[in-house]
Number of protein chains: 2
Amino acid sequence: MTTIKDVAQRAGVSVTTVSRVINDSGYVGETARERVTKAMEELNFQPSRLARGLVSGKTSTIGLLIPDVANPFFADVARGIEDAAIAKGYTTILCNSDWKREREVMYLDILRSRWADGVIIAGSRSGEEVIDQATAGLPLVLVDRRGSAKRSSVWMDNERGGRLATSHLINIGCRRIVHISGPEGSPSAYGRKLGFEGVISENRARYEGLRGELIQGDFRYEGGHEIGLSLLRSKDRPDGIFAANDLMAVGILQAARFCGIEVPDELAIVGYDNIALSEYSFPSLTTIAQPGYAMGRSAFQLLLNQLGSGRNHHSEQQEFEPKLILRGSTARKQQAGT
Amino acid sequence: MTTIKDVAQRAGVSVTTVSRVINDSGYVGETARERVTKAMEELNFQPSRLARGLVSGKTSTIGLLIPDVANPFFADVARGIEDAAIAKGYTTILCNSDWKREREVMYLDILRSRWADGVIIAGSRSGEEVIDQATAGLPLVLVDRRGSAKRSSVWMDNERGGRLATSHLINIGCRRIVHISGPEGSPSAYGRKLGFEGVISENRARYEGLRGELIQGDFRYEGGHEIGLSLLRSKDRPDGIFAANDLMAVGILQAARFCGIEVPDELAIVGYDNIALSEYSFPSLTTIAQPGYAMGRSAFQLLLNQLGSGRNHHSEQQEFEPKLILRGSTARKQQAGT
DNA sequence: ACTCCATGTGGAAACGTTTCCACGTCTCTT
DNA sequence: AAGAGACGTGGAAACGTTTCCACATGGAGT
């Protein structure tokens with residue numbers, strides 16, 4: 001490792017001068033600057049960010065805590081964040097919590113020990129107190145929930161999304177609807193469930209025989225597949241399913257194909273997220289769009305605003321609108337009247 | 001930030017003793033140990049990895065340089081690497097090069113400045129000299145190519161994979177076959193192309209009228225879609241397409257649906273990677289399996305071996321076998337004889 | 001009674017930077 | 001002619017650890 005001292009020696013100046021050249025601060029003479037620049041190039045010198053971080057207290061590093069990069073939605077979020085971060089000179093540490101609370105806490109400890117300047121947490125199942133405790137003063141942006149006013153967050157109105165999805169199923173004539181929810185504790189899953197329940201109970205008077213059922217899922221493809229199989233093999237099978245994310249919805253789609261059930265005519269399916277997969281499945285999946293990449297970019301921007309503003313806890317909320325994307329999995333030949 | 005000094009003071013001992021307790025090294029008395037442990041808990045103390053790294057020269061950090069996490073194959077690789085890394089106490093820095101060589105170099109400079117202990121590069125388009133130059137002594141594992149003997153690498157026999165795919169298309173009766181290759185410079189894309197060309201030229205004598213054509217792609221869905229459209233609209237359209245990855249293959253699938261061309265009967269399609277998407281598309285995609293997660297785990301293991309072995313450049317190669325996965329996109333009613 | 005070694009502890013240097021302070025020299029103003 | 005800047009430079013402290021060294025104290029072996 002070549003250090004600033006080597007550069008100083010080679011250029012025949014002091015380390016102070018080299019530092020000034022690197023940071024373009026203070027006064028440096030023309031000749032000195034040239035010699036330092038030359039020496040840096042010759043030695044292929046890169047100042048150590050460790051040392052720099054130690055003295056400045058800033059590491060230009062952020063932590064990204066998500067359940068799973070292999071989940072396309074979070075991969076999009078991650079990409080959005082990393083792109084925005086590197087553009088501002090920040091480096092991103094990747095942390096996959098695998099939906100486990102204890103892993104979240106573990107990663108947060110690691111991030112603190114590495115002096116991350118801030119953290120973005122997406123898809124956490126932990127409560128706010130736990131997060132508060134574990135982040136302990138670390139600047140923070142949450143991406144899946146409406147945080148309290150004192151915290152920055154990027155979120156969607158998941159309840160509205162859940163309402164859109166459920167209403168749509170009712171509109172096309174479904175009367176026995178099942179909602180496969182997300183893991184317990186996930187605020188987005190909770191919102192979607194609320195929306196579902198709300199619409200079902202509001203419409204029960206209007207459409208007699210309308211029934212809504214709830215099954216707890218895990219946001220994973222395999223989980224959706226299994227639940228789909230057991231659900232579709234029962235006598236009293238549903239004619240509409242709203243899955244809390246696309247991955248599970250696609251799992252159900254496969255289960256339906258396996259059971260020889262026609263989608264959308266015998267069974268209509270709505271997902272959530274609008275990941276690429278939902279467009280290319282067969283039939284293509286009606287879903288609620290959630291712009292992962294844009295939400296990621298936005299989350300980093302909020303974090304940056306917080307970092308810039310020093311002590312005075314500049315906190316902001318950014319909301320994204322859920323949007324119903326109509327595709328094959330609910331495109332019935334004849335629709336029931338509204 | 002609470003420091004080791006605060007802990008020492010609270011426990012009434014020297015920083016040396018605290019350090020010994022933290023690292024469980026040297027002699028520490030029973031009472032002193034207890035008091036230090038207690039003080040650490042009370043202060044919620046986490047030793048600074050920056051300071052530690054500065055003195056030890058080791059940061060327990062690795063860099064992960066991939067083209068794009070939003071590409072499901074690389075997301076799998078990333079997940080495999082991160083899982084393996086955290087299990088050994090290493091932290092992963094995420095770098096998306098977006099297939100651009102200059103971004104690779106930029107990221108490598110950043111990683112060096114952060115004193116990453118090692119780097120894993122997947123899907124790079126840069127030549128070995130460029131990589132050598134940019135990594136400059138950083139322990140390194142390449143994941144998509146058979147490195148020279150002096151370098152650790154994880155790879156697949158892409159040429160064999162290309163041969164499998166192309167032979168399969170010929171076997172089911174395709175005679176005008178197009179290969180959509182990957183971006184220029186990518187070794188995996190190159191291997192697949194070689195395999196394609198080899199099989200085509202070897203079979204030209206046997207099957208008269210057999211034609212193979214090459215089109216340069218970019219490993220992206222949209223690219224595949226566009227190429228598919230222009231290809232399928234021409235009079236002289238192919239009856240078989242081998243795409244260098246699944247993303248492009250699915251793009252072509254969509255293009256075929258758009259043009260009203262029957263898959264697999266009018267057009268057979270083979271992809272590469274076996275990402276989740278390939279199973280859920282319609283028709284499902286015949287492809288060459290590439291186990292991203294396992295390759296990621298493996299890559300980290302090789303890196304770890306290198307890190308442990310000090311100066312003596314312990315380098316290993318790990319090879320994975322390509323496997324043909326038969327699915328709907330090539331399942332023709334009647335197959336031509338071999 | 002002596003040395004020897006295991007045990008326990010702390011001071012201080014080192015890691016590679018940034019930054020505060022001090023000390024020059026030159027030029028311009030009055 | 002003298003003082004006030006502006007300009008240019010370097011020494012050294014500081015950041016939070018680890019680790020080398022020195023120095024105690026005690027008991028066991030001769």
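Since this is a predicted model, take the numbers as computed values, not measurements. Letters A, B, ... mirror the listed sequences (proteins, then strands); counts begin at 1. The figures that follow rest on heavy atoms only: side chains count, while hydrogens, waters and symmetry mates do not.
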Parallel, tilted or perpendicular: which one describes the rings of A:W99 and A:F219, with boundaries at 30° and 60°?
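Tilted: the ring planes of A:W99 and A:F219 meet at 30° to 60°.
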
Students often mix this up, so state it plainly: with edges at 30° and 60°, are the rings of B:F300 and B:Y90 parallel, tilted or perpendicular?
perpendicular

[atom1] of [X] versus [atom2] of [N]: gap in Å, rounded?
{"X": "B:R114", "N": "C:dG16", "atom1": "CZ", "atom2": "P", "answer": "18 Å"}
{"X": "B:L54", "N": "D:dT17", "atom1": "CG", "atom2": "C1'", "answer": "8 Å"}
{"X": "B:Q9", "N": "D:dG16", "atom1": "CD", "atom2": "C1'", "answer": "15 Å"}
{"X": "B:L43", "N": "D:dG16", "atom1": "CG", "atom2": "P", "answer": "14 Å"}
{"X": "B:L50", "N": "D:dT17", "atom1": "CG", "atom2": "C1'", "answer": "10 Å"}
{"X": "A:K5", "N": "C:dT18", "atom1": "NZ", "atom2": "P", "answer": "14 Å"}
{"X": "A:R112", "N": "D:dG16", "atom1": "CZ", "atom2": "P", "answer": "15 Å"}
{"X": "B:K58", "N": "D:dT19", "atom1": "NZ", "atom2": "C1'", "answer": "17 Å"}

Under a 4.5 Å cut-off applied to non-hydrogen side-chain atoms, are [X] and [Y] in contact?
{"X": "B:I131", "Y": "B:L142", "value": "yes"}
{"X": "B:R49", "Y": "A:T59", "value": "no"}
{"X": "A:L304", "Y": "A:Q301", "value": "yes"}

With distance as the sole criterion, is a donor-acceptor pair present between the side chains of B:E316 and B:S152 under 3.5 Å?
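No, B:S152 and B:E316 have no side-chain donor paired with an acceptor closer than 3.5 Å.
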
Side-chain H-bond candidate by donor/acceptor type, B:R114 with B:T61, under 3.5 Å:
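No, no side-chain donor-acceptor pair sits under 3.5 Å.
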
Please write out the pairs of protein N or O atoms and N or O atoms of nucleotides 4-14 of chain C separated by less than 3.5 Å, giving the distance to one decimal.
unit_1, atom_1, unit_2, atom_2, d
C:dT7, OP2, B:Y27, OH, 2.8
C:dT9, OP2, B:G29, N, 2.5
C:dG10, OP2, B:S14, N, 2.9
C:dG10, OP2, B:S14, OG, 3.2
C:dG10, OP2, B:T17, OG1, 2.8
C:dG10, N7, B:R20, NH2, 2.9
C:dG10, O6, B:R20, NH1, 3.4
C:dG11, N7, B:T16, OG1, 3.3
C:dG11, O6, B:T16, OG1, 3.1
C:dA12, N6, B:T16, OG1, 3.4

All heavy atoms of A:Q317 vs all of A:S153, minimum pair found to be OE1-OG, 2.8 Å

Degree of bending, the helix from C:dA1-D:dT30 to C:dT30-D:dA1 (end axes from five pairs; round to 10°)
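If I round to tens, the end axes sit 50° apart.
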
Checking all strands, does B:S19 fall into the base, sugar-phosphate, or nothing category for heavy-atom contacts under 4.0 angstrom?
base

Side chain of B:I22 (C-beta onward), nearest among D:dC15, C:dT17, D:dT18:
D:dT18

Exactly one of B:E102, B:R101, B:E104 clears side chain to side chain donor-acceptor pair (under 3.5 Å) with B:S126, and that residue is B:E104

